[in-house]
Amino acid sequence: MAKVITARSEDYSKWYGDIVTNANMAEHSAVRGCMVIKPHGFAIWEKMRDQLDKMFKDTGHVNAYFPLFIPKSFLSREAEHVEGFAKECAVVTHHRLMSDPNGKGLIVDPEAKLEEELIVRPTSETIIWDTYKNWINSYRDLPLLINQWANVVRWEMRTRMFLRTTEFLWQEGHTAHATREEAVEEAKQMQKVYAQFAEEWMAMPVIQGSKTVNERFAGAEETWTIEALMQDGKALQAGTSHFLAQNFAKAFDVKFLNENNKEEYVWATSWGVSTRLVGGLIMTHSDDDGLVLPPKLAPTQVVIVPIPKPKVEIDEVAEKIMKELRAKGVSVKYDTDKKKRPGFKFAEHELHGVPVRLGIGMRDIENGQVEVARRDTKEKTSQPLEGISSYIVDLLDDIQNNLFNRAVQFRTEHTTSVDNFDDFKNVLEEKSGFISAHWDGSTETELKIKELTKASARCIPNDFEEEEGKCVLTGKPSKGRILFAKAY
RNA sequence: CGGGGUGUGGCGCAGUCCGGUUAGCGCACCUGCUUUGGGAGCAGGGGGCCGCAGGUUCGAAUCCUGCCACCCCGACCA
């Protein structure tokens, strides 16, 4: 069999689709815009979810679950929020089907029309704040730190597996606080949690920053974001954390009595990451041979391939290695399939992104060695059997670090400061990536830049430095550089 | 919703223009033998309402009409 993956240089978009399908991550379903997440893809999402869940709990949050359906009227309570989501909602209008009196099949029973339509949640602020109203009476009830793992539906025009699907899996944190300062701190904290997860677990470097007014979440006073750079030079918004001020508290009348027995509106945050992260993971590390996974998120970290096939002597060595590795917390599989030849298995495990592959044949056993192949660099070496498990533990660490450093280097090479609009356009055209440029701060200019170049304002970096300059488009005074890029 | 395209075994396609045996091919799948240190070879085998519904015709994957679905490019978005 030849290559099954389209080369990135040939067609990046096709490459991405090939990775997703051929690495058994997901496939298109019978439902428009919705994917089936297959076991391998789901296993990666599970690893992400477990780690994030732990990090949320370590920062004091608890999980709960709110309904899939939201009464239509709830959505209109917060003006900007409805504006942002109304155009992409799935709506439930009836609750019953009947057989078609004129023929075969089923029709919607017109008698079963709902008095109030239900929206399939595109996000849960409204239903949650309507609930919080009953949960919060006193400052003693605050802060309320709740997270939900859920599916949501946004009826997008165009979809791409993991990056933008009609239904997607995510978590949404919704917290309530007594003061503005505390809520702002919470939102910033969660941005840091996301950044830490992205960098330490996904080995995906991110820029932490805040969104421009135009790019802000519908209903937020401030949106913090983590922005990653994909291999094709496009940015991916990988996670957002919003300071919602008292907007939802006012819309849903959520007040509390403070220590002085005075009524106040509650301050809110919400924050989320989704299965989109899986797409980001793919586009950060993978190559033309298939998926490349950071060891910390790889469902199987080490695979052992018997050469040419299982045999008592090889089995014994493999069992011993597996036992040692498992004792060290490494997930390992022994590929005992007798029908596939070694070469096929090598290619297959590379396609699936297994970080380390061990090859063991009689030749190796005689020499007291195993063949160690790392997925990130595709290097192969022979290592002594003695002490192999410690070697692998170190190697997994090394791979994790190497992937991160490689991605950082790519991002550094693809981040360009420009001082005029021609350079701005040229850089976008020729090498793409992040562009650091002065901007006059107006939404009008931001939109104009987007219209002219398709690059959007990604964020105002948290480490924004004051620097006198001129807006790259209008020449008006600017107080510092922000990041632009074409984005997913 | 605008522009373009495609619907043929699980997947990828040929055949359609110009109607005519039993609808082919590659991959995958099943069986057997030989292989096995980078995607094995040979032999045999299973699997199709040709997107759906009408129509034209002695005869339709092929021509006509209508519908549906999906993909790509735009506007929207995590």
Side-chain angles (χ1 to χ4, degrees), chain A residues 1-6 11 13-14 17-18 21-22 24 27-34 83-89 103-105 121-123 150-172 194 211 214-218 223 225-228 235-242 270-280 289-290 305-311 314 337-352 357-367 369-371 373 378 380 382 447 450-451 454 456 487-488:
Chain A
M1 205 204 291
K3 292 252 180 197
V4 290
I5 309 275
T6 306
D11 184 340
S13 183
K14 196 145 186 266
D18 284 350
T21 33
N22 291 306
N24 290 330
E27 62 188 31
H28 289 290
S29 73
V31 186
R32 177 210 292 262
C34 296
E83 172 93 3
F85 288 106
K87 286 171 287 184
E88 51 188 47
C89 285
K104 309 181 257 185
R121 62 183 165 212
T123 179
N151 56 340
V152 288
V153 167
R154 296 183 189 174
W155 213 266
E156 304 285 357
M157 296 298 181
R158 291 189 56 227
T159 59
R160 292 189 73 189
M161 284 192 284
F162 289 111
L163 296 173
R164 191 182 306 107
T165 46
T166 300
E167 179 190 7
F168 57 94
L169 304 182
W170 79 343
Q171 60 66 219
E172 45 182 328
Y194 287 156
K211 286 290 186 186
N214 174 56
E215 296 277 336
R216 237 172 239 165
F217 176 75
T223 289
T225 180
I226 56 170
E227 299 280 328
L236 183 77
Q237 179 176 309
T240 47
S241 180
H242 316 289
S270 72
W271 28 274
V273 294
S274 71
T275 35
R276 168 178 268 198
L277 288 178
V278 178
D289 294 316
V305 177
I307 297 169
K309 59 182 176 185
K311 188 177 179 178
I314 300 174
D337 193 331
K338 288 181 186 124
K339 296 214 171 122
K340 291 170 184 157
R341 298 160 85 236
F344 185 91
K345 291 179 180 177
F346 296 166
E348 191 178 44
H349 293 124
E350 279 162 12
L351 179 59
H352 291 145
R357 183 184 74 237
L358 304 182
I360 308 174
M362 289 312 290
R363 201 164 77 195
D364 300 296
I365 291 178
E366 281 157 24
N367 297 331
Q369 296 181 331
V370 291
E371 182 185 79
K378 304 207 65 192
K380 274 200 295 199
S382 281
L447 293 175
K450 192 171 179 182
E451 187 193 322
K454 302 220 162 101
S456 52
Y488 274 99

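Labels below follow one simple rule: chain letters A, B, ... track the order of the sequence lines, proteins then strands, and each chain is numbered from 1.
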Pairing residues for A:I365 by the side chain to side chain contact (heavy atoms under 4.5 Å, CB included) criterion, not counting sequence neighbours: A:E313, A:I314, A:V317, A:I360, A:M362
Rounded distance (Å) that lies between atom P of B:C29 and atom NZ of A:K339: 9 Å
For atom CG of A:L351 and atom P of B:A28, their distance in whole Å: 14 Å
Residues that A:T225 engages under side chain to side chain contact (heavy atoms under 4.5 Å, CB included), provided they are two or more places apart: A:K211, A:E227, A:Q237, A:T240, A:C459
Any residue meeting side-chain hydrogen bond (donor to acceptor under 3.5 Å, both in side chains) with A:R160, in chain and number order, not counting sequence neighbours: A:S13
Minimum-distance nucleotide (side-chain atoms of A:E371 versus B:G38, B:G37, B:C77): B:G37
Sequence-distant partners of A:K340, salt bridge (charged side-chain N to carboxylate O under 4.0 Å, His left out), two or more places apart: A:D337, A:E348
Atom pair distance, as rounded to whole Å: CG in A:D18 and P in B:G12: 11 Å
Nearest-Å distance once atom P is located in both B:U8 and B:U35: 41 Å
No-H, no-angle donor-acceptor pair, A:E27 side chain to B:G10 base, under 3.5 Å: no
Donor-acceptor pair (no angle test) under 3.5 Å: A:R164 side chain, B:C77 base: yes
Rounded distance (Å) that lies between atom P of B:C77 and atom CZ of A:F217: 12 Å
Please enumerate all protein N or O atoms sitting under 3.5 Å from an N or O of nucleotides 34-36 of chain B, with distances to 0.1 Å.
unit_1, atom_1, unit_2, atom_2, d
B:U36, O4, A:K309, NZ, 2.5

Side chain to side chain contact (heavy atoms under 4.5 Å, CB included) against A:K380, all qualifying residues, sequence neighbours excluded: A:R357, A:E371, A:A373
Listed nucleotide nearest any side-chain atom of A:R363, set B:G39, B:G37, B:A78: B:G37
ring-ring contact (aromatic ring centres under 6.0 Å, His included) partners for A:F85, two or more places apart: A:H81, A:F217
Gap in Å between the two P atoms, one belonging to B:C29 and one to B:G24, rounded: 23 Å
Pairing residues for A:W155 by the ring-ring contact (aromatic ring centres under 6.0 Å, His included) criterion, not counting sequence neighbours: none
Sequence-distant partners of A:E167, side chain to side chain contact (heavy atoms under 4.5 Å, CB included), two or more places apart: A:C34, A:N151, A:V153
Partners meeting ring-ring contact (aromatic ring centres under 6.0 Å, His included) with A:H352 (sequence neighbours left out): A:H40
Euclidean distance, atom CZ of residue A:R160 to atom C1' of B:C77 [Å, nearest integer]: 14 Å
Write down the protein N/O and nucleotide N/O pairs, taken from nucleotides 67-71 of chain B, whose separation is under 3.5 Å; answer none if there are no such pairs.
unit_1, atom_1, unit_2, atom_2, d
B:C70, OP2, A:R32, NH2, 3.2

RNA chain B base-pair string [pairs: Watson-Crick or G-U under 3.5 Å; |: paired with another strand]: ((((((((.[[[[.)....(...]]]].((((((.....)))))).....[[[[[..)....]]]]])))))))....
Nearest-nucleotide pick for A:F346, side chain only, options being B:A78, B:C77, B:G38: B:G38
Spacing of A:F344 atom CZ relative to B:G41 atom P, expressed in whole Å: 12 Å
Distance, rounded to the nearest Å, where A:E227 contributes CD and B:A78 contributes P: 10 Å
